[in-house]
There are 2 protein chains.
Amino acid sequence: MGTPQLTKNQSLVMGALAHSEGPMSAYTILDKLRDQGFRAPLQVYRALDKLLEYGLVHRLESLNAFVACTCPHEHEHDHGVTAFTICEGCGQVTEFHDEAIEERLSALVRGQSFKTEKTTIEIRGHCKSCA
Amino acid sequence: MGTPQLTKNQSLVMGALAHSEGPMSAYTILDKLRDQGFRAPLQVYRALDKLLEYGLVHRLESLNAFVACTCPHEHEHDHGVTAFTICEGCGQVTEFHDEAIEERLSALVRGQSFKTEKTTIEIRGHCKSCA
DNA sequence: TTGCACACGTTATAGCATAACGCAATTGAT
DNA sequence: ATCAATTGCGTTATGCTATAACGTGTGCAA
Ligand SMILES: [Zn+2]
Ligand SMILES: [Zn+2]
Ligand SMILES: [Zn+2]
Ligand SMILES: [Zn+2]
């Protein structure tokens with residue numbers, strides 16, 4: 001299955017994230033959308049749940065925040081393991097993917113007979129400009 | 001250098017984590033330590049900050065929880081990148097380290113001229129018993 | 001003695017996330 | 001068409017996670 005038509009709330013949240021420079025918390029999104037009628041956190045969280053499910057948005061666990069997916073290709077397939085660099089200086093987040101890491105992690109985890117459902121890789125530090 | 005003598009609060013928090021089967025949130029730790037005189041979250045968070053700094057404890061970003069480090073060796077050196085498998089069924093957390101992943105990530109990040117300060121790798125899924 | 005660093009205690013507040021209720025619109029049988 | 005199931009939506013209330021800001025006491029060095 002691909003991505004279904006987004007509902008109004010989902011589109012608004014997606015738009016807010018897509019036009020944002022960096023990651024946003026759910027409450028920041030809420031504040032951005034008050035003028036479009038948003039009143040309560042659940043409106044944001046429910047939209048985010050769907051967008052995460054569709055793979056249009058990623059959650060940054062170490063930030064309790066969300067970013068629009070920056071994958072170039074269409075979102076009609078699982079894009080395996082996603083990793084992020086997160087600059088503590090300017091807040092810039094860069095998404096990247098790597099087969100080698102994915103396979104190495106997969107092998108290690110197989111050794112534990114562990115069944116992976118979701119992998120989080122987040123690298124905090126400073127980007128080139130903020131070094 | 002190395003790990004200084006722990007204060008009373010730090011020892012209590014460390015003990016609670018070391019004797020726990022799985023990860024604990026700061027508030028769960030607080031509840032476990034009420035009988036030893038803990039009254040407020042900050043008592044826990046301040047101790048955790050130090051224990052994290054000394055490398056005796058790890059924070060699980062995807063759980064907002066903490067675990068005692070299970071590294072076999074002494075804690076007198078940085079143990080590079082730490083990764084975890086986290087079972088959604090039984091809560092079991094397994095810490096592991098891998099040079100190959102560390103170097104691959106390091107190379108990828110160097111390509112962005114990014115300076116790493118902290119790396120988070122957490123794999124959620126189900127362990128052998130909970131498959 | 002004075003100043004500093006550090007741990008500690010307490011109260012209050014900020015920030016993140018979900019439970020539980022009810023309603024409305026959609027879909028897809030029967 | 002009708003009914004049931006699903007899904008999205010709005011609202012209120014609540015719970016969980018983390019830190020700000022203040023003051024105290026202790027140990028140690030200048
Ligand atoms: Zn992506
Ligand atoms: Zn930067
Ligand atoms: Zn460790
Ligand atoms: Zn398990």
Side-chain angles (χ1 to χ4, degrees), chain A residues 1-17 20 22-54 56-67 86 88 91 118 120 122 124, chain B residues 1-17 20 22-54 56-67 86 88 91 118 120 122 124:
Chain A
M1 271 279 323
T3 301
Q5 184 65 19
L6 297 185
T7 67
K8 179 164 183 250
N9 283 5
Q10 287 159 21
S11 295
L12 286 167
V13 169
M14 190 66 221
L17 280 173
S20 163
M24 300 173 87
S25 78
Y27 278 76
T28 303
I29 295 171
L30 173 58
D31 287 337
K32 295 261 184 205
L33 295 180
R34 289 208 187 270
D35 291 346
Q36 340 304 322
F38 274 50
R39 312 297 314 266
L42 261 197
Q43 295 175 277
V44 179
Y45 281 110
R46 291 204 270 230
L48 284 172
D49 283 346
K50 286 302 182 183
L51 296 172
L52 289 165
E53 180 186 327
Y54 303 152
L56 298 175
V57 162
H58 298 291
R59 175 181 168 82
L60 300 174
E61 300 289 352
S62 69
L63 248 33
N64 294 326
F66 304 84
V67 285
I86 303 170
E88 313 266 9
K118 173 149 199 299
T120 297
E122 297 176 17
R124 306 281 292 265
Chain B
M1 271 289 322
T3 302
Q5 184 66 19
L6 298 185
T7 68
K8 180 166 181 244
N9 284 4
Q10 288 159 20
S11 295
L12 286 167
V13 169
M14 190 65 221
L17 280 173
S20 162
M24 300 173 87
S25 78
Y27 279 75
T28 303
I29 295 171
L30 173 57
D31 286 337
K32 295 262 185 205
L33 295 180
R34 290 209 186 270
D35 292 346
Q36 341 304 322
F38 274 51
R39 312 297 315 267
L42 260 197
Q43 296 176 276
V44 177
Y45 281 109
R46 290 205 270 230
L48 284 172
D49 282 346
K50 286 301 182 182
L51 296 172
L52 289 166
E53 180 186 328
Y54 303 153
L56 298 175
V57 161
H58 297 291
R59 175 181 169 83
L60 299 173
E61 301 288 353
S62 68
L63 288 182
N64 294 326
F66 304 84
V67 285
I86 302 170
E88 312 267 8
K118 174 149 199 299
T120 297
E122 298 177 16
R124 305 281 291 265

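The chains referred to below are lettered A, B, ... by the order of the sequence lines, with proteins before strands, and numbering in each begins at 1.
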(request) List for me each residue that meets side-chain hydrogen bond (donor to acceptor under 3.5 Å, both in side chains) alongside A/Asp31, sequence neighbours excluded, and say none if there are none. (result) A/Arg34
(request) Taking the side chain as every heavy atom from C-beta outward, state whether B/Phe38 and B/Ile29 have any pair of such atoms under 4.5 Å apart. (result) no
(message) My understanding is that only residues two or more places apart in sequence, or in another chain, count here; which of them pass side-chain hydrogen bond (donor to acceptor under 3.5 Å, both in side chains) with A/Gln36?
(response) none
(message) For B/Pro23 versus B/Gly91, what's the shortest heavy-atom pair and its separation?
(response) CD-O, 3.4 Å
(request) Determine, stepwise, if the pair A/Met24 / A/Leu17 fulfils side chain to side chain contact (heavy atoms under 4.5 Å, CB included). (result) CA-CA 7 Å; A/Met24 300 173 87; A/Leu17 280 173; 4.1 Å; yes
(message) Need to verify one output field. Residue with the more 5' nearest nucleotide on DNA chain D, A/Asn9 or B/Leu63?
(response) A/Asn9
(message) Using heavy-atom distances to pick each residue's nearest nucleotide on DNA chain C, tell me which of A/Arg46 and A/Tyr27 is more 5'.
(response) A/Tyr27
(request) Check whether any side-chain heavy atom of A/Val57 lies under 4.5 Å from a side-chain heavy atom of A/Val67, and answer yes or no. (result) no
(request) Please name all residues satisfying side-chain hydrogen bond (donor to acceptor under 3.5 Å, both in side chains) with B/Thr28, sequence neighbours left out, ordered by chain then number. (result) B/Ser25
(request) Please list, in 5' to 3' order, the outermost nucleotides of DNA chain C lying under 4.0 Å from any heavy atom of chain A. (result) C/dC16 to C/dA20
(request) At the 4.0 Å heavy-atom cut-off to chain B, mark where contacts on DNA chain D begin and end, going 5' to 3'. (result) D/dT17 to D/dA21
(request) Give me the residues of residues 35-45 of chain B where at least one heavy atom lies under 4.0 Å from an atom of DNA chain D, by number, or none. (result) B/Leu42, B/Tyr45
(request) Could you tell me whether the side chain of B/Leu6 reaches within less than 4.5 Å of the side chain of B/Val13, counting heavy atoms only? (result) no
(message) Assuming nearest nucleotide by heavy-atom distance, tell me which of B/Ser25 and A/Thr7 is located more 5' along DNA chain D.
(response) A/Thr7
(message) Go through it in stages, so that I can follow the logic: the residues are A/Glu122 and A/Ser62, the test is side-chain hydrogen bond (donor to acceptor under 3.5 Å, both in side chains), and I'd like the CA-CA distance, side-chain angles, deciding distance and then a yes or no.
(response) CA-CA 7 Å; A/Glu122 297 176 17; A/Ser62 69; 2.6 Å; yes
(request) Side-chain contact test, heavy atoms from C-beta onward, threshold under 4.5 Å: evaluate it for A/Asn9 versus A/Val44 and give yes or no. (result) no
